[in-house]
Enquirer: 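Following this message is one structure expressed as structure tokens.
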Amino acid sequence: LLSLPFFIVSLEWLRSFGHLGFPWLNLALTQSHYLSLIQMIEITGSYGVTFWLTAVNGIFYILLTQKQGVKQLSLAMAVFFLSLILAGSARMRQFDAESKSVKVAVIQPNIDPNEKWDRASQGKTISIMDSLHLVAIDLQPDLVLWPEAALPVYLRLNSQHRKRIQAIVDQSKIPLLTGTVDRKKVDGERHYFNASMYFTPNNAQSFYNKIHLVPFAEYIPISEYFPSLRKLNFGQGNFTHGSDFTLFQLDSTFFSNIICYESSMPNIARAFVKSGAQLLTIEANDGYLGNTTGPYQHFELARLRAIENRVPIVRSANTGISGLILPNGLVEEKIKSKLNPKMTSKQFKGILQQIEEISKNMSKIGGYASLSYSSDTQSDEATSLMTKMSKLGSEISNKILFFDLFPAKIIFGFKIIPFKSTLFNNSSSKHFLITSEVLFKQSCAECSPSINTSGSTIGTIPHSWTKAEYLASA
């Protein structure tokens with residue numbers, strides 16, 4: 001019984017190695033809501049929680065099966081838990097004070113990943129992301145964060161969409177980090193990457209390629225040594241592993257991005273922080289997990305990474321769960337998934353048809369307005385036109401106000417101040433967007449990595465949209 005904690009910790013440690021390493025369901029995950037009990041993991045890692053949790057269960061077994069030494073063991077357990085709670089609570093309070101802040105607008109579009117790459121839906125997906133981007137800019141954050149593979153295009157290779165996004169970034173002066181798929185030729189062979197792309201004003205884009213891929217989903221293990229394995233078809237992608245722990249720069253702050261499954265890997269987050277990252281962002285797409293416990297477990301893993309490395313984490317997931325996690329593991333705010341995993345393709349296309357109908361009706365309103373102004377001599381006709389405008393406008397308002405038609409939700413104007421927040425939320429709205437003031441401490445004051453900032457201006461935005469124009473255009 002005394003060897004049980006060492007045995008379980010050893011199993012978890014061995015399970016984390018190699019191509020099939022899977023530290024997702026370590027026992028520490030069961031305690032993620034009891035923050036004062038797990039503050040120790042900044043020293044011991046999640047294995048420390050596994051050790052004491054297994055040891056405590058062993059002691060409970062002894063208490064239930066033996067009569068001798070019950071009082072002594074009970075007292076020892078009480079002292080242990082009290083010490084753990086007091087020390088953990090004290091450590092958590094050390095991160096209450098603000099030392100630096102960054103405003104991040106997190107976009108959670110809640111678009112069904114099975115529909116995103118459908119050719120018939122690609123244009124609408126891009127329009128939704130563009131519209132949410134403009135709303136985010138209106139909130140004046142320091143950074144806009146999109147989820148993994150946010151657009152159904154190869155963004156680096158697609159100059160039309162890349163230049164359009166760069167033009168918005170140049171005009172707004174607000175950087176954007178987005179997930180994208182990428183394709184490059186290496187030694188004459190075509191390689192695909194799950195990547196993140198960082199747009200900064202008037203500079204060339206920089207990239208991070210996902211290092212730890214999901215086996216049998218994003219690649220076939222050891223296929224880099226045996227290329228013929230890539231011909232096997234399990235419905236997987238054949239991505240190539242990235243190799244560089246990239247740092248991005250946001251003014252005086254250095255941050256790194258973790259892509260989806262990588263957040264379950266303690267060594268990945270630790271390597272980024274050791275490289276100088278003071279803030280971690282996570283881009284994820286848990287939509288494929290549907291209405292299971294997977295998205296919730298994935299979010300809780302991010303809390304463990306925040307405590308282990310004592311850095312804030314901002315998470316953007318395509319269908320949830322997005323949010324802000326402070327260095328002590330507290331979740332300041334999170335956005336759960338609102339996408340109905342049972343929504344059919346027919347339902348989604350019906351929504352798109354209603355959006356198109358709204359656009360046509362908005363054009364009619366403009367036509368009615370022009371006719372009414374030119375009908376000075378025929379007041380009855382002008383009155384009739386204005387009546388039609390009013391009626392049509394009411395129908396559109398009932399449908400479009402706060403995006404009732406969309407399969408998602410939006411939160412306008414969410415701002416985080418140390419453990420205080422102001423929030424505007426219409427419960428009937430359908431897209432998620434938060435702007436958060438991220439709090440963190442300098443984790444590497446002496447680190448000043450070299451960042452390539454060369455580049456040139458690409459285009460401009462034809463005009464600046466107001467929020468009202470955005471509502472009308474969505």
Side-chain angles (χ1 to χ4, degrees), residues 98-107 133 136-137 139-148 150 155-156 162-163 165-180 182 193-211 242-259 262-263 268-283 302 305-306 309-316 324-327 416 435-458:
E98 176 185 4
S99 61
K100 195 174 183 181
S101 67
V102 175
K103 291 182 180 178
V104 182
V106 180
I107 293 181
H133 188 191
I137 289 171
L139 297 169
Q140 289 299 301
D142 299 314
L143 172 69
V144 177
L145 179 63
W146 286 9
E148 179 184 14
L155 197 52
R156 185 181 63 83
R162 186 186 71 250
K163 289 180 179 180
I165 293 174
Q166 184 65 58
I168 296 173
V169 171
D170 291 343
Q171 180 75 12
S172 65
K173 308 298 182 186
I174 299 173
L176 165 72
L177 181 68
T178 179
T180 184
D182 197 17
F193 298 91
N194 187 351
S196 53
M197 189 172 184
Y198 186 44
F199 290 84
T200 55
N202 303 314
N203 286 313
Q205 300 89 27
S206 50
F207 295 85
Y208 163 67
N209 295 324
K210 186 175 182 180
I211 293 173
S243 57
D244 298 326
F245 290 91
T246 305
L247 278 178
F248 300 117
Q249 186 171 10
L250 180 63
D251 296 327
S252 61
T253 300
F254 294 97
F255 72 98
S256 293
N257 185 61
I258 297 174
I259 300 178
E262 290 181 318
S263 64
I268 296 289
R270 185 165 56 249
F272 278 121
V273 173
K274 284 185 176 180
S275 297
Q278 303 158 296
L279 163 70
L280 293 178
T281 57
I282 296 176
E283 294 174 335
R305 303 293 88 83
N309 297 284
R310 295 304 184 189
V311 294
I313 290 180
V314 184
R315 191 175 194 269
S316 173
L324 168 66
I325 304 170
L326 300 180
I416 291 177
T435 175
S436 304
E437 187 169 336
V438 184
L439 311 176
F440 60 94
K441 294 182 179 292
Q442 292 289 117
S443 60
C444 187
E446 70 277 10
C447 296
S448 55
S450 175
I451 304 295
N452 182 7
T453 56
S454 62
S456 58
T457 304
I458 307 176

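In this chain, numbering begins with 1 at the start of the sequence shown. These numbers come from the heavy atoms of this one structure, side chains and all, not from hydrogens, waters or symmetry mates.
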Enquirer: At their closest point, which heavy atom of Asp170 faces which heavy atom of Asn202, and how far apart are they?
Expert: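 Here Asp170 and Asn202 meet closest at OD1-N, 2.6 Å.
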Enquirer: To the nearest 0.5 Å, what is the distance between NE2 (His133) and CG (Leu176)?
Expert: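 That separation rounds to 4.5 Å.
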Enquirer: Could you measure the distance from the OG1 atom of Thr200 to the NZ atom of Lys173? Nearest 0.5 Å is fine.
Expert: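 If I round to the nearest 0.5 Å, the distance is 10.5 Å.
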Enquirer: Knowing that exactly one of Asn194, Thr180, Thr178 qualifies, which makes a side chain to side chain donor-acceptor pair (under 3.5 Å) with Glu148?
Expert: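 Of the listed residues Asn194, Thr180, Thr178, the side chain to side chain donor-acceptor pair (under 3.5 Å) partner of Glu148 is Asn194.
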Enquirer: With sequence neighbours left out, what residues match Asp182 under salt bridge (Lys or Arg N to Asp or Glu O under 4.0 Å)?
Expert: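 If we apply the salt bridge (Lys or Arg N to Asp or Glu O under 4.0 Å) test to Asp182, skipping adjacent residues, the hits are Arg156.
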Enquirer: What is the minimum heavy-atom distance between Val311 and Ala277, and which atoms define it?
Expert: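 Smallest interatomic distance, heavy atoms only, reads CG1-O, 4.1 Å.
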Enquirer: How would you list, by chain and number, every residue that makes a side chain to side chain donor-acceptor pair (under 3.5 Å) with Ser196, sequence neighbours excluded?
Expert: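 With sequence neighbours excluded, Ser196 shows a side chain to side chain donor-acceptor pair (under 3.5 Å) to Asn257, given in chain and number order.
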Enquirer: When rounded to the nearest 0.5 angstrom, what distance separates CZ in Phe272 from CZ in Phe248?
Expert: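 The CZ atom of Phe248 is 8.0 Å from CZ of Phe272, to the nearest 0.5 Å.
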Enquirer: Looking only at heavy atoms, which two atoms of Ala271 and Phe245 are closest? And how far apart?
Expert: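 In terms of heavy atoms, the two residues are closest at CB-CE2, 3.4 Å.
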Enquirer: Less than 4.5 Å apart, any side-chain heavy atom of Glu262 and any of Lys210?
Expert: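 A side-chain contact exists here, since the closest heavy-atom pair is under 4.5 Å.
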Enquirer: Give me the atom names and distance for the closest heavy-atom approach of Ala302 to Ile313.
Expert: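 That closest heavy-atom pairing would be O-CD1, 3.3 Å.
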Enquirer: Output the distance between atom CD1 (Ile258) and atom CD1 (Ile211), rounded to the nearest 0.5 Å.
Expert: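 One finds 10.0 Å between CD1 of Ile258 and CD1 of Ile211.
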Enquirer: Is it the case that the side chain of Ser316 and the backbone of Ile107 share a donor-acceptor pair, with hydrogens and angles ignored and the cut-off at 3.5 Å?
Expert: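 Such a contact is found between Ser316 side chain and Ile107 backbone.
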Enquirer: When you compare the side chain of Val104 with that of Phe255, does any pair of heavy atoms fall below 4.5 Å?
Expert: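 Side chain of Phe255 against side chain of Val104, heavy atoms only: no contact under 4.5 Å found.
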Enquirer: Any non-hydrogen side-chain atom of Leu177 less than 4.5 Å from a side-chain atom of Glu283?
Expert: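 Yes, their side chains come closer than 4.5 Å.
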Enquirer: Can you give me the closest heavy-atom contact between Leu250 and Asp142, atom names plus distance?
Expert: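 Smallest interatomic distance, heavy atoms only, reads CD1-O, 3.4 Å.
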Enquirer: Please give me the minimum heavy-atom distance between Leu145 and Ile282, naming the atom from each residue.
Expert: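 Where Leu145 meets Ile282 most closely, the heavy atoms are CD2-O, 4.3 Å.
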Enquirer: Evaluate Tyr208 against Ser256 for side chain to side chain contact (heavy atoms under 4.5 Å, CB included), listing each step before the verdict.
Expert: CA-CA 9 Å; Tyr208 163 67; Ser256 293; over 6 Å; no
Enquirer: Please enumerate all residues that pass side chain to side chain donor-acceptor pair (under 3.5 Å) together with Ser263, with sequence neighbours excluded.
Expert: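 Ser263 satisfies side chain to side chain donor-acceptor pair (under 3.5 Å) with His298 only.
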Enquirer: Starting from the C-alpha separation in whole Å, work towards a yes-or-no answer on side chain to side chain contact (heavy atoms under 4.5 Å, CB included) for Asn309 and Lys274.
Expert: CA-CA 9 Å; Asn309 297 284; Lys274 284 185 176 180; over 6 Å; no
Enquirer: What's the spacing between Arg315 CZ and Thr281 OG1 if we round to 0.5 Å?
Expert: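 Those atoms lie 11.5 Å apart.
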Enquirer: Begin from the C-alpha positions of Gln166 and Gln205 and carry the test side chain to side chain contact (heavy atoms under 4.5 Å, CB included) through to its verdict.
Expert: CA-CA 9 Å; Gln166 184 65 58; Gln205 300 89 27; 2.8 Å; yes
Enquirer: Using side chain to side chain contact (heavy atoms under 4.5 Å, CB included), reason through Leu143 and Tyr198 one step at a time and then give a plain yes or no.
Expert: CA-CA 10 Å; Leu143 172 69; Tyr198 186 44; 3.8 Å; yes
